[in-house]
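Lettering of chains follows the sequences in order, A, B, ..., and the numbering in each one begins at 1.
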Protein chains: 2
Amino acid sequence: MTTPGSLDGDETVADGPASSGGRRSQRVTISDLARRLHISKASVSYALNDRPGVSEETRRRVLSLAEELGFHPNSAAVALSASRTRTIGIVIARDPALISTEAFYMHTLVGIEQYLNEVDSSLLLRLTGEHGEDLDVLRRWSRQGRVDGFILFDEHNDDQRVPLLKELGVPCVVVSSNAPDDGVGRLISSPEQTVTLLLDHLAELGHRDIAHVSGPFTFVHEQLRVKLLAEHAKRRGIRVTHLEGSYRYEDGAEMTRTVLARKKRPTALVLGNDLMAVAALRVAMDLGTAVPDELSIVAWDDSPLCELARPGITAVDQQTMERGRMAADLLFRIAAGESGLHWETPAGVLRVRDSSARANRTTPGRGPTRRLRPASP
Amino acid sequence: MTTPGSLDGDETVADGPASSGGRRSQRVTISDLARRLHISKASVSYALNDRPGVSEETRRRVLSLAEELGFHPNSAAVALSASRTRTIGIVIARDPALISTEAFYMHTLVGIEQYLNEVDSSLLLRLTGEHGEDLDVLRRWSRQGRVDGFILFDEHNDDQRVPLLKELGVPCVVVSSNAPDDGVGRLISSPEQTVTLLLDHLAELGHRDIAHVSGPFTFVHEQLRVKLLAEHAKRRGIRVTHLEGSYRYEDGAEMTRTVLARKKRPTALVLGNDLMAVAALRVAMDLGTAVPDELSIVAWDDSPLCELARPGITAVDQQTMERGRMAADLLFRIAAGESGLHWETPAGVLRVRDSSARANRTTPGRGPTRRLRPASP
DNA sequence: CTGAAAGCGCTTACAG
DNA sequence: CTGAAAGCGCTTACAG
């Protein structure tokens, strides 16, 4: 440890020419700035934080010297005295294999990062397994004072996270599909909009009998999707059967086999994510079911996988990156004490590709029959 | 701000039953522990950190009370006094679109996280654009004392990061393809092993004329790949032509068109990543070139994209997750003062799929000719 | 083995 | 507008 007194006046400069004094660059503190300018640490602090209490003249001198010396405030000291970490926490509790497969998370992170870059803040990330360790991490990070708040994904039944964070008094934003009035921030993207998008598309193509392979029912958003899709379809006279999947490839494949084995096959398949949609496509083709001629396939979430499949898979671009941005933005406002806790995400956009087409295209093959009937009562 | 004196003896307990006292849980500090146990803060600190200076009896009482009260040390205070953040930094400077497409990063992060979970540490992540902002972030985080060290990816020509971090005196590990002796930690995975894997496979299948579409030459590992692939191929009497790609789909497609337009076509294509390999597959099929009959396609990096393509794309599983784990492990050892700075990654594994097969399978189509010649002198 | 004290680098009332 | 001082919650020599 060198003593502060040994500062020799030529630290490494932030962006300027390389420093002349060799060796390891030494950390510059506000005490150094104060000493050099013959003012108090308090004045330096006021100047740096753009607060009243210093003359313009002084402020300018401080900022200029700080720039020159490449001063950056020690984040631990700031956090300790001001209880502000400029860091948000994200804890994702999913099977690692799935995390890396689904572009959703990476896209969301990119969106969040875009915002963080703008406000010079950081992301503390933790990918835990699926077994409740996430609660421990939330608790620990909160108690440790590591973050200013959290962004939560994948709300599920009996989700303990919101109650926990409320008890701990830590701000959070839930990327959510509904808006319970529990006082925490919510970035809401209602499945209703996507349901409409998908049903409009399929109805227009003449589909009146579709199957829906959802993700796990334990997720709140999946429950809503299933419910809303069923309701809206019914209203339009479209029959929907539902199967619960796991987001995994194998599951999408199996469900598709199940559906295709039925006497009365649907003409279209809606899959809860991109991986299961690709699986459906493969299985259908392997079984000799032409896509889209005999079976249309659409996915709830767009991704490169949908785009690169052949035929390309029609999917809803959920604007994931923008959602990430907004979630971060919202969290910072909440952490700063703002109210207005519920925001809505921008509308999704249907990317129409070759996997969806008119129902009842008669093609050579085990010809589909018995269609166009109204849904059973 | 409530005063410490107002502690009422029934904070929220870490894992136990819900606390009885209502309201917001209040933060527990070592002062609280010390007061309750009638010992000094120092003793509490020693006990918690498993250091000499306290009796076993006292240590047990401290740990027990800490557990009971759900105590977690304030990270800022620890960082400030002990200069240890339990946090590593990663700054990725790539086009966001590419970041989310390539499973590489997400896989690596998952691996790193596995390790961090074990040692209860965290990851500070920043995804910047491609324009040198990464250096600013490294400098700022270093000066701010936010991290104990960095893991660096994608070493490129004139990379300023290692010199910068050395100057700043911050530990780092470079996930690297070579081992210059610059005194920083390196997790090395030599392309030589992958080159051998790929050439063994292709040679065995009778390919004697291949094309290699690499990633950008600015990356050190791509330069090495190109060089080593050329050398080893030559030694085996295999002809290699090289084209420089960008890792993007469009580029993979264009390069493939270029190669297929040649009079003397290669019988196999090696692509620098999964996206370009998928692109190559599409283009070949669109142009009526049968894969693998007329053209074999192999990818340097495996991913779900390769696995899910049809035909599946033969690729090298680079054990990315394990690499991430090792990088984190190495960084922590370096930060702790260990030497032995260079580690090697585990060997990659070739995943043979349907996109590669024997050269010169005569099939209907624009029959390939003029093959099996030795490489031009 | 234990305690009192200084110090890490900031912020923030509180006097001048 | 400016400065001296206390405090954030830890760690760490240094005496007892």
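For the side chain to side chain contact (heavy atoms under 4.5 Å, CB included) criterion with A:R161, the lone passing option out of A:V184, A:D134, A:V174 is A:D134.
In this structure, the CD atom of B:Q144 is 10 Å from the P atom of C:dC10, given to the nearest Å. Rounded to whole Å, atom P of D:dG9 lies 7 Å from atom CG of A:L80. Straight-line distance from the CZ atom of B:R60 to the P atom of C:dC1: 13 Å, rounded to whole Å. Spacing between atom CZ of B:F71 and atom P of D:dG9 amounts to 11 Å, rounded to whole angstrom units. The distance from atom CZ of A:R35 to atom P of C:dG9 is 11 Å, rounded to the nearest whole Å. Following rounding to the nearest Å, A:R86 (CZ) and C:dT11 (C1') show an atom-to-atom distance of 14 Å. For the pair B:D32 CG and D:dC10 C1', the interatomic distance rounds to 13 Å; values are reported in whole Å. Atom CD1 in B:I30 sits roughly 12 Å away from atom C1' in D:dC8 (whole-Å rounding).
For B:M326, the side-chain contact (heavy atoms from CB on, under 4.5 Å) partners at least two apart in sequence or on another chain are B:L187, B:E322, B:W343, B:P346. Applying the side chain to side chain donor-acceptor pair (under 3.5 Å) rule to A:T87 yields the partners B:R146; only residues at least two apart in sequence or on another chain are considered. Contacts of B:I188 classified as side-chain contact (heavy atoms from CB on, under 4.5 Å), with partners at least two apart in sequence or in another chain: B:A179, B:R186, B:H342. For A:D148, the side-chain contact (heavy atoms from CB on, under 4.5 Å) criterion is met by A:R84, A:T85, not counting sequence neighbours.
Residue A:S45 places none of its side-chain N or O atoms closer than 4.0 Å to OP1 or OP2 of C:dC10. Contact between the side-chain N/O atoms of A:N74 and the OP1/OP2 oxygens of C:dC8 is not found at any separation under 4.0 Å.
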| Sugar-phosphate or base contact per nucleotide [nucleotides 2-7 of chain D; S, B, -; heavy atom under 4.0 Å] | BBB--B
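Side-chain contact between A:F153 and A:I90 is present, with at least one heavy-atom pair separated by less than 4.5 Å. Between B:V162 and B:K166 there is a side-chain heavy-atom pair separated by less than 4.5 Å. The closest side-chain heavy-atom distance from A:R59 to A:E56 is below 4.5 Å. With contacts defined as side-chain heavy-atom distances shorter than 4.5 Å, the pair A:L330/A:I151 does not qualify.
Contacts of B:R59 with the nucleic acid, taken as non-hydrogen atoms under 4.0 Å apart, are absent. Nucleic acid contact class of A:T29 (heavy atoms, under 4.0 Å, all strands): sugar-phosphate only.
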| query | In dot-bracket, 5' to 3', how would DNA chain D read with Watson-Crick or G-U wobble pairs under 3.5 Å, [ ] for crossing ones and | for pairs to another strand? | reply | |||.||||||||.|||
